[in-house]
Enquirer: 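This is the structure I have questions about; it appears just below.
Residue numbering restarts at 1 for every chain, and letters A, B, ... go by the order of the sequence lines. This one's a predicted model, so the numbers in the text were calculated from it and none came from an experiment.
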Amino acid sequence: MALIQPAPKKDDDREDDSEYSPFYGIEKGAVLQEARVFNDPQLDARRCAQVITKLLYLINQGETFTKTEATEVFFAVTKLFQSKEVGLRRMVYLIIKEISPTSDEVIIVTSSLMKDMNSKTDLYRANAIRVLCGITDGSLLGQIERYLKQAVVDKNPVVSSAALVSGIHLLQSNPDIVKRWSNEVQEAVQSKASLVQFHALALLHQIRQNDRLAISKLVTSLTRGSVRSPLAQCLLIRYTSQVIKESATNTQTGDRPFYDYLEGCLRHKTEMVIFEAARAITELNGVTSRELTPAITVLQLFLSSSKPVLRFAAVRTLNKVVAMGHPLAVANCNIDMESLISDQNRSIATLAITTLLKTGNESSVDRLMKQITNFMSDIADEFKVVVVEAIRSLCLKFPQKYRTLMNFLSSILREEGGFDYKKAIVDSILILIKEIPEAKESGLVHLCEFIEDCEFTYLSTQILHLLGLEGPKTSDPSKYIRYIYNRVILENATVRASAVTALAKFGLTIDALRPRVLILLNRCLYDNDDEVRDRATLYLKTLGEDDSCKQFKESLFEELDVPLANLEASLQSYNASEVPFDLSLVSREIKPQQLAEKKAPSKKTGKDFGSKAANEALPLGTSAPDAYEKLLSSVPEFSSFGKLFKSSAPVELTEAETEYSVNAIKHVYLGHVIFQFNCTNTIAEQLLEKVSVVVDSGDAEEFDEVFSKHIESLPYNVPGQAFVAFRKPEGVCSAGKFCNTLKFRVNEVDPATGEKEDEGYEDEYQLEDLEVTAADYILKVGVSNFRNTWEALDPEFERVDEYGLGVRENLQEAVQAVVTILGMQPCEGTEVVASNARSHTSLLAGKFIGDIQVLVRLSFGIDAQKQVAMKLAVRAEDQSVSDAIHEIIASA
Amino acid sequence: MEVSAPLIKNILLLDSEGKRVAVKYYSDDWPNLAAKLAFEKSIFAKTQRTSARTEAEIGMFDGYIAVYKFISDLHFYVTGGEDENELILATVLQGFFDAVSLLLRSSVEKKTVLENLDLVLLCLDEIVDGGIILETDSHVIAGRVAMRGADADVPLSEQTISQALATAKEHLARSLLK
């Protein structure tokens, strides 16, 4: 039946016009006009039904009526109750629900609907119940409750279902009324009509949902087999698993209650029920593999079903089983799932792949990846993201397979894709780079290629940041410069700015590249973006400065580079004593950080906060270098010495538990050395006065004592510091041995009052000797890339020689000895010798006094007689330093 | 976790360009027309290339499970929550699909659906009420849409002669016209 005639001219080309519609050109105003036919005294039922359809069409297309329009239509529609035409009546029911009249309007139709509720016609009764319950508010419910109760147990399923479903909706707003229907609803649960049973069970459960015992009883009685409707059976399975969940804590012993029921449902004749039961079993708390097996078996059968819905449901459930930690239970299905990788339905294929990636073992990785590669090109981005995430976790699970997986990621990175997809890939590569060191270089290269053609600013900047951090540490940092500088030329301002920062990091970390980086940065000064120019200017300024403030520069880029785990471990092993906690012992990279702290104590850039916080977290007074600097600056005589180069770790000059406890710290300046003697009086009955340390520099020819500061008074257990300063030739690593004697005046005191009891007497106490060695002039400063730094140093200043180290227990001992003598930072883990190694190479780095970079390459060999030979190659920025290193070894 | 009866979020009937033919939402997950249209657009775009003509297909869309079946220039969708039993959704879809086929006497295409939009809208009304599945048997649904039995419910003995005659005439006319 054509509802309205389309415009005549449309008739001719109707066949070609795909847009043909009986509602062509429909307009709300016109339809509202048409609705006036509802008011005709002689109702044309067919015409009225057509107009209602048009109104419904408008509503369905998203048209809205104003309040007045809706009221008008509603009042007109109520007139249509006069018609006895059933088709029209059905449409009237529908449009009343769609218009959803206000509560004062509802009153108009209430009587008509109540009349229909008592009609002999079942369909009238059913529909009237649904409409009235749909539009009414609580006040009216009391009047119709009696009819509703009756309807629940009506012999016609359509009426019963209508009342029950309305009950489910009404329970939210009027629980008290609906709860009174309990008996009727219970009766309806026994109905032979399939859907009535389903609706009755749903309502009964909702009525009782807060009564755990009642639910348990309901489940107990129904699971004995009076439920025939598949939908009701599904409900019962849900309620049963809820009961199992709640009772599991109570009945830990024996078999799980109701499990047999669930298992029985696996043999139901309806797939819907079988699946619901299988799913319920897989979701049981702490499900055992014995319990899982039958459920997995039916799901496995579903996997090879011809119906996509079944395959999807099965593979999705299996995926969850794996995710919940039962990959082994699913292993049997792996072959079936592999065939699903080529499933027409990509959702199924994706689920199959991710499940397989989670269950797969190392041997199947390559095969899987091959299958996935074919599959990736024709699935949607959101599936690709899921696959990428699964591959990431697979790679972390099997790090040995990183090559295959990294290649896969890079190949899909080159393909077309949206932001989320690309981001997932980049994130995965970043994580792999972080977690799998072997994957770093290849990962960085892939990322470099990606940013060459990356349309996403966010990803480009993220990658550039990583390049700045990791690039300089790779074997060939210079190759990344090109990729980075290309960004400066070709990209938008945000990317350019991060490229500039990345460049500067290369310049900072690798001395050899610095001049080239400076050239590139210079070009950025003419950038048309403020941020880019500002960054370039800042980095040019800092990089251009001399080496002395390198540590400061590093602090500009780096966050706290103390591995927090190291710091924590060191702090835990640190026992509170007068030996201050030495942060420099925590990790190799820590020294520059400390010095940076000292030199820029008030600089509070965001990046500094990390290290500040770390220092503040230490117990008070344990931030050694800070404390030293403060202490030394309190002595005016030291101010002319210049900048402190290095403070040694404290050296104990007394045996433990003697009367006086003294340790010494050597502070090295360019042309001076200060000995700081920390003295503690451990005798409560004594007060020491005028405590000084007399240092005999007879065995240290190059040292001239220039200043000595004594301690006026040293009460019991209050440490005091005496200082002795020496002048030495500048830039030379003068070594020497010093004999020390503690001189003081002893006064007997009353420990209770602290009053002096006598005049006291002079005394002295022999301390251990203190040595200044070459190691005191070398700072442990590691380099991130030894080879590059080595290449960058002038071969002219290389000094090579061979030494015999005599008989050693093993190579490790020999390496340890040499490293200690030189006081340099072992690089790249080369201080550790493989057990039973016959030869070994150690790489050491350090800063010689005057901030002169020095690198040492040590080659050790050991023969059958345990004679150790060592070849020492030194490169430094100054030839004299190279020589000095050799002298240290030769004289050791 | 609240245990609930299976709930249907929406039933969609779109044309081959993704335009609405008849839709019904039973959930507030899509608060306004724009959200609804966006969902329809998204689900259509993601399914239009699939072939769901012989068997109903299924997928996850924006965190919902949707089953769908296409015939001629029409796309039928039934959407449920993420944790819904897929097979229940498929049963509802099948019920809707078959009921429409029965009512339109197998000529299921956009043109006939629009011409008989009243039947299709009633169909939606008879399948799901406020998200709760009302009926899944396509014959029962079609019967209720046609209000079959509503007339006959008045026992023959209570009909007047003229009414009986009119009914007989109508039956005769219908059978002749077929």
Enquirer: On a heavy-atom basis, which atom in A/Val165 and which in B/Leu134 lie closest, and how many Å separate them?
Expert: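 So the two residues come closest at CG2-CD1, 3.5 Å.
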
Enquirer: I need the contact set between residues 269-276 of chain A and chain B: heavy-atom distance under 4.5 Å, sorted by residue number.
Expert: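 Result: A/Glu271, A/Met272, A/Phe275, A/Glu276.
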
Enquirer: If you count heavy-atom pairs under 4.5 Å with chain A, which of B/Leu122, B/Asp73, B/Leu121 comes out on top?
Expert: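 Top option by heavy-atom pairs under 4.5 Å: B/Leu122.
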
Enquirer: So, are A/Arg279 and B/Glu84 salt-bridged, with charged N and O less than 4.0 Å apart?
Expert: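 No salt bridge links A/Arg279 with B/Glu84.
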
Enquirer: Heavy atoms only, distances under 4.5 angstrom: which of A/Val158, A/Leu310, A/Leu56 has the most pairs with chain B? Name it, please.
Expert: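 Most heavy-atom pairs within the cutoff with chain B belong to A/Val158.
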
Enquirer: Given heavy-atom pairs under 4.5 angstrom as the criterion, report whether the side chain, backbone, both or neither of B/Ala5 touches chain A.
Expert: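 Backbone plus side chain of B/Ala5, per the 4.5 Å heavy-atom cut-off to chain A.
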
Enquirer: Is any side-chain N of the basic residue among A/Arg238 and B/Asp83 closer than 4.0 Å to the acidic one's carboxylate O?
Expert: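 Answer for the salt bridge query: no.
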
Enquirer: Given heavy-atom pairs under 4.5 angstrom as the criterion, report whether the side chain, backbone, both or neither of B/Val21 touches chain A.
Expert: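 B/Val21 touches chain A through backbone heavy atoms alone.
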
Enquirer: Could you tell me whether the side chain of B/Ile65 reaches within less than 4.5 Å of the side chain of A/Phe312, counting heavy atoms only?
Expert: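 Of all side-chain heavy-atom pairs linking B/Ile65 with A/Phe312, at least one is under 4.5 Å.
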
Enquirer: Can you tell me how far the CD1 atom of A/Ile95 sits from the CG atom of B/Asp118, to the nearest 0.5 Å?
Expert: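 Between A/Ile95 CD1 and B/Asp118 CG, I get 12.0 Å after rounding to 0.5 Å.
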
Enquirer: Are B/Glu126 and A/Arg90 ion-paired here, with the side-chain N under 4.0 Å from a carboxylate O?
Expert: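 Answer for the salt bridge query: yes.
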
Enquirer: Is it the case that atom NZ in A/Lys97 sees more than 12 heavy atoms from other parts of the structure closer than 6.0 Å?
Expert: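 Counting neighbours around NZ of A/Lys97, more than 12 heavy atoms of other residues, nucleotides or ligands fall under 6.0 Å, so yes.
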
Enquirer: Between B/Ser16, B/Ala90, B/Gly130, who has the most heavy-atom pairs with chain A when the cutoff is under 4.5 Å?
Expert: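 Answer, by heavy-atom pair count under 4.5 Å with chain A: B/Gly130.
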
Enquirer: Would B/Glu57 and A/Arg346 pass as an ion pair if we require N to O under 4.0 Å?
Expert: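 Between A/Arg346 and B/Glu57 there is no salt bridge, as every charged N stays at least 4.0 Å from the carboxylate O atoms.
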
Enquirer: Which residues in residues 91-104 of chain B have a heavy atom less than 4.5 Å from any heavy atom of chain A?
Expert: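 The stretch touches chain A at B/Thr91.
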
Enquirer: Might you point out which heavy atoms bring B/Ala22 and A/Asn60 nearest each other, and give the distance in Å?
Expert: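 Closest approach of B/Ala22 to A/Asn60, heavy atoms only: CA-OD1, 3.3 Å.
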
Enquirer: Please flag which part of A/Ser166 lies under 4.5 Å from any non-hydrogen atom of chain B: side chain, backbone, both or neither.
Expert: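 Neither part, no heavy atoms under 4.5 Å.
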
Enquirer: Measure the shortest side-chain to side-chain distance between A/Asn127 and B/Arg144 over non-hydrogen atoms and say whether it is less than 4.5 angstrom.
Expert: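 A/Asn127 vs B/Arg144: side chains apart.
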
Enquirer: If you round to the nearest 0.5 Å, how far is CZ of A/Arg316 from CE of B/Met60?
Expert: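 CZ of A/Arg316 is found 5.5 Å from CE of B/Met60.
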
Enquirer: Could you state the interatomic distance from CZ (A/Phe302) to CG (B/Leu87), rounded to the nearest 0.5 Å?
Expert: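 A/Phe302 atom CZ to B/Leu87 atom CG measures 6.0 Å (nearest 0.5 Å).
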
Enquirer: Determine the minimum heavy-atom distance between A/Ala313 and B/Glu86, stating which atoms define it.
Expert: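 Minimum heavy-atom contact is CB-OE1, 3.5 Å.
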
Enquirer: Below 4.5 Å from any heavy atom of chain A, which atoms of B/Val23 appear? Answer side chain, backbone, both or neither.
Expert: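 For B/Val23, heavy atoms of backbone and side chain both lie under 4.5 Å from chain A.
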
Enquirer: Would you mind reporting whether A/Thr121 and B/Met147 have side-chain heavy atoms less than 4.5 Å apart?
Expert: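 Counting from C-beta outward, B/Met147 and A/Thr121 never come under 4.5 Å.
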
Enquirer: Could you please state which residues from residues 25-54 of chain B sit under 4.5 angstrom from chain A, measuring non-hydrogen atom to non-hydrogen atom, sorted by number, or 'none'?
Expert: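 So far as heavy atoms go, B/Leu33, B/Lys46 are the residues that approach chain A to under 4.5 Å.
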
Enquirer: Name the region of A/Ala202, side chain, backbone, both or neither, that has any atom closer than 4.5 Å to a heavy atom of chain B.
Expert: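 The side chain, not the backbone.
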
Enquirer: Counting N and O atoms only, with roles assigned by atom type, does the side chain of A/His199 sit under 3.5 Å from a partner on the main chain of B/Ile132, one being a donor and the other an acceptor?
Expert: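 The answer is no, because no donor-acceptor pair under 3.5 Å joins these two groups.
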
Enquirer: Side chain, backbone, both or neither: which part of A/Gln344 has an atom under 4.5 Å from a heavy atom of chain B?
Expert: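 For A/Gln344, no heavy atom lies under 4.5 Å from chain B.
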
Enquirer: Testing the basics here: between B/Ile133 and A/Phe198, what is the closest heavy-atom pair and its distance to 0.1 Å?
Expert: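 So the minimum-distance heavy-atom pair works out to O-CE2, 3.6 Å.
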
Enquirer: Hey, what do you get for CD1 (B/Ile88) to SG (A/Cys234), rounding to the nearest 0.5 Å?
Expert: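 These two atoms lie 4.0 Å from each other.
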
Enquirer: Is it the backbone or the side chain of A/Arg311 that comes under 4.5 Å from a heavy atom of chain B, or both, or neither?
Expert: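 Neither the backbone nor the side chain of A/Arg311 comes within 4.5 Å of chain B.
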
Enquirer: B/Tyr77: what forms a ring pair (Phe, Tyr, Trp, His ring centres under 6.0 Å) with it, not counting sequence neighbours?
Expert: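 B/Tyr68.
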
Enquirer: For chain B, which of A/Ile52, A/Thr64, A/Leu164, A/Leu235 has the most heavy-atom pairs under 4.5 Å?
Expert: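 Heavy-atom pairs under 4.5 Å are most numerous for A/Leu235.
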
Enquirer: Is it true that a side-chain atom of A/Asn345 and a backbone atom of B/Ile58 form a donor plus acceptor pair closer than 3.5 Å?
Expert: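 Here the side-chain-to-backbone pair exists.
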
Enquirer: Are side-chain heavy atoms of A/Arg130 and B/Asp125 found at a separation under 4.5 Å?
Expert: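 Yes - at least one pair of side-chain heavy atoms lies under 4.5 Å apart.
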
Enquirer: Donor-acceptor check, side chain of B/Glu115 to backbone of A/Pro22, threshold 3.5 angstrom: yes or no?
Expert: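 No, B/Glu115 side chain to A/Pro22 backbone: no donor-acceptor pair under 3.5 Å.
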
